[in-house]
Amino acid sequence: MSGTLTVVGSGIKAGAHLTSETISWITTANKVFYLVADPVSEFQIKNLNATCESLSDCYRDGESRSVAYERMIERVVSSLSPNQTTVVVLYGHPGVFVYPSFEMLSEARHRGYSAIMLPAISADSCLFADLEIDPARDGCQSFEATDFLLHERLFDPRSLLILWQIGTVGDGSFQANGYRDTAIVKLVEALLDKYPEAHEVIVYEASQYAMFDPVINKCRLSELASAPITPISTLVVPPIPRRPVSQKALDRLGLSRGDIIIEKEK
């Protein structure tokens with residue numbers, strides 16, 4: 001029987017977001033690796049399986065995060081054994097803004113092992129609930145902040161825009177004592193090409209603990225550079241007013257306005 005690698009997520013809210021499926025995999029695994037963001041989640045995971053091993057020591061202060069990711073991948077894949085189940089627990093959803101998880105799965109399969117990923121609660125799940133945003137209403141565009149700038153991503157300002165990791169924009173290293181946020185100014189400049197200075201944006205952080213509220217700070221786009229921002233901050237840019245429904249499109253689809261739900265403009 002081939003060994004298996006299962007990559008799972010701890011969710012966002014410590015002690016509350018582990019699914020029953022994930023708990024079952026962790027409990028029955030022969031070996032568990034984990035990388036989470038808080039001591040409560042760490043305590044919970046370690047109590048589920050005595051073989052738990054943290055991957056946090058793969059980071060080196062001031063070193064590129066990509067180097068740390070390669071260490072994680074090698075440590076996990078090199079530990080795989082026939083007839084054994086290995087589980088990797090990663091913060092949030094293991095497939096959302098997580099590079100090592102996909103490489104672990106790919107390399108495990110290349111070496112002849114079975115490998116799967118399980119779903120988990122992610123930061124965007126919390127964001128949609130906390131901000132009461134339906135991503136289907138205006139559409140939703142989602143980018144990592146540094147990638148957004150480096151590739152000059154095309155986007156529609158009439159749809160919701162979410163930019164992740166704005167607190168580390170322009171910095172690919174691991175910084176134990178915090179990141180410089182000087183590149184936020186460049187992010188603001190890029191957004192001002194599409195939005196007015198007075199456009200209201202939201203700096204958001206999901207709550208990591210049940211007893212705390214999420215961080216929801218609203219400000220004008222022109223004031224973003226001076227807003228409180230941390231390494232886990234996400235920027236939410238609401239859409240500008242949408243275009244009216246196209247009569248040509250209605251005719252092409254054989255619809256009338258009474259056939260569709262047309263919400264009031266914001």
Side-chain angles (χ1 to χ4, degrees), residues 11-13 35-38 59 61-66 68-69 90-93 95-100 121-133 135 138-208 212-240:
I12 302 298
K13 195 167 290 183
L35 184 66
V36 293
D38 64 271
Y59 288 109
D61 194 27
E63 184 180 72
S64 171
R65 293 194 294 273
S66 63
Y69 298 155
L90 300 171
Y91 174 69
H93 189 299
V96 178
F97 289 95
V98 185
Y99 168 79
I121 293 178
S122 57
D124 56 348
S125 301
C126 298
L127 184 154
F128 296 139
D130 290 334
L131 300 182
E132 298 181 7
I133 290 175
D138 293 292
C140 181
Q141 305 154 109
S142 176
F143 302 98
E144 195 275 335
T146 300
D147 171 272
F148 178 79
L149 291 178
L150 289 177
H151 295 280
E152 299 181 338
R153 295 291 189 180
L154 300 178
F155 65 98
D156 182 0
R158 291 178 174 81
S159 292
L160 177 71
L161 176 64
I162 303 175
L163 297 177
W164 303 94
Q165 300 177 339
I166 61 169
T168 62
V169 63
D171 192 339
S173 65
F174 173 75
Q175 301 291 340
N177 297 316
Y179 294 82
R180 296 176 290 106
D181 58 3
T182 53
I184 288 291
V185 173
K186 301 302 181 182
L187 183 61
V188 171
E189 291 174 355
L191 293 173
L192 285 174
D193 285 340
K194 296 286 188 178
Y195 303 94
E197 291 187 359
H199 191 68
E200 185 178 80
V201 298
I202 305 167
V203 178
Y204 169 80
E205 294 176 18
S207 172
Q208 291 183 284
F212 294 112
D213 294 329
V215 173
I216 302 174
N217 289 325
K218 299 180 179 181
C219 67
R220 292 159 54 105
L221 176 57
S222 60
E223 299 168 342
L224 178 62
S226 59
I229 293 173
T230 76
I232 63 171
S233 293
T234 296
L235 180 64
V236 180
V237 186
I240 61 176

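No experiment lies behind these values; they were computed from the predicted model shown. Computed from heavy atoms alone, side chains included, the values below leave out hydrogens, waters and symmetry copies.
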Residue pair V236, I133: steps toward the side-chain contact (heavy atoms from CB on, under 4.5 Å) verdict: CA-CA 10 Å; V236 180; I133 290 175; 4.1 Å; yes

E223: salt bridge (Lys or Arg N to Asp or Glu O under 4.0 Å) partners, not counting sequence neighbours: R220

Side chain to side chain donor-acceptor pair (under 3.5 Å) pairs, two or more places apart, involving residues 195-208: D130-Y204, E205-T230, E205-S233

Euclidean distance, D38 CG relative to I12 CD1, rounded to 0.5 Å: 10.0 Å

Separation between CG of L149 and CG of L163, rounded to the nearest 0.5 Å: 8.0 Å

Approximate separation, where rounding is to 0.5 Å, of I162 CD1 and T234 OG1: 8.0 Å

Set of residues satisfying ring-ring contact (aromatic ring centres under 6.0 Å, His included) with respect to F143, sequence neighbours excluded: F148

Interatomic distance, Q141 atom CD to L154 atom CG [nearest 0.5 angstrom]: 10.0 Å

All side chain to side chain contact (heavy atoms under 4.5 Å, CB included) counterparts of L35, not counting sequence neighbours: L55, S56, Y59, M72, L90

V201 and L191: CA distance, side-chain angles, deciding distance, side-chain contact (heavy atoms from CB on, under 4.5 Å) verdict: CA-CA 11 Å; V201 298; L191 293 173; 5.9 Å; no

Spatial distance of atom CG (D138) from atom CD1 (I240) [nearest 0.5 Å]: 10.5 Å

Pairs involving residues 149-161, ordered by first then second residue, that meet salt bridge (Lys or Arg N to Asp or Glu O under 4.0 Å) (sequence neighbours left out): D147-R153

Residue of the set S142, C140, S159 for which side chain to side chain contact (heavy atoms under 4.5 Å, CB included) holds with P135: C140

Derivation of the side-chain contact (heavy atoms from CB on, under 4.5 Å) call for V237 and L221: CA-CA 9 Å; V237 186; L221 176 57; 5.9 Å; no

CA sep, side-chain torsions, deciding dist, call: V203, V215, side-chain contact (heavy atoms from CB on, under 4.5 Å): CA-CA 8 Å; V203 178; V215 173; 5.6 Å; no

Sole residue of D193, L187, V185, L192 in side chain to side chain contact (heavy atoms under 4.5 Å, CB included) with E189: V185

Shortest non-hydrogen separation from I184 to A225 and the atoms involved: CG2-CA, 3.6 Å

Side-chain heavy-atom pair L224, I229 within 4.5 angstrom cut-off: yes

Listed partners of F97 passing ring-ring contact (aromatic ring centres under 6.0 Å, His included), at least two apart: W164

